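Please read these numbers as outputs of a predicted model, since none were measured by experiment. Index from 1, following the sequence.
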Amino acid sequence: MKRSYRGVIYLSFVLLANIVFTQQVVNAFFYEQYEKVLLFAGLNVILFPLAIWIYRRERNVG
């Protein structure tokens, strides 16, 4: 099962965004900026279905 480079790159960007959003949630929670916590946590939740969609789309390549 061969993967395309494009799918791997997209999933890498999603992972990078996930890490950045998680770090922003931790920092905002530490400084008690709860609106930012909810914003970045929501963006983090949105990334999960996006990653699944990219994975399923690229799984059938070839």
To the nearest 0.5 Å, what is the distance between CD1 on Ile46 and CG on Asn18? 12.0 Å

Which other residues belong to the hydrophobic cluster containing Leu15, where Ile, Leu, Val, Met, Phe, Trp and Tyr are joined when side-chain heavy atoms lie under 4.5 Å apart, directly or via other members? Ile19

Rounded to the nearest 0.5 Å, how far apart are CG of Leu43 and CD of Gln24? 10.5 Å

Considering only residues two or more places apart or on different chains, which pairs with a residue in residues 24-45 satisfy ring pair (Phe, Tyr, Trp, His ring centres under 6.0 Å)? Phe21-Phe40, Phe29-Tyr34

Are Leu11 and Leu50 connected, step by step, through hydrophobic side chains (Ile, Leu, Val, Met, Phe, Trp, Tyr) whose heavy atoms are closer than 4.5 Å? yes

Any side-chain heavy-atom pair from Ile52 and Phe48 closer than 4.5 angstrom? yes

Other ILVMFWY residues reachable from Leu38 by side-chain steps of under 4.5 Å: none

Looking only at non-hydrogen atoms, find the nearest pair between Ala41 and Val25 and report the distance. N-CG2, 3.5 Å

Please name all residues satisfying side chain to side chain donor-acceptor pair (under 3.5 Å) with Gln33, sequence neighbours left out, ordered by chain then number. none

Not counting sequence neighbours, which residues clear side-chain contact (heavy atoms from CB on, under 4.5 Å) with Arg57? List them please. Arg6, Trp53

My understanding is that only residues two or more places apart in sequence, or in another chain, count here; which of them pass side-chain contact (heavy atoms from CB on, under 4.5 Å) with Asn27? Gln23

Might you point out which heavy atoms bring Val14 and Ala51 nearest each other, and give the distance in Å? CG1-CB, 3.8 Å

Shortest non-hydrogen separation from Glu58 to Gly7 and the atoms involved: CG-CA, 3.4 Å

Could you state the interatomic distance from OG1 (Thr22) to CG (Leu47), rounded to the nearest 0.5 Å? 9.0 Å

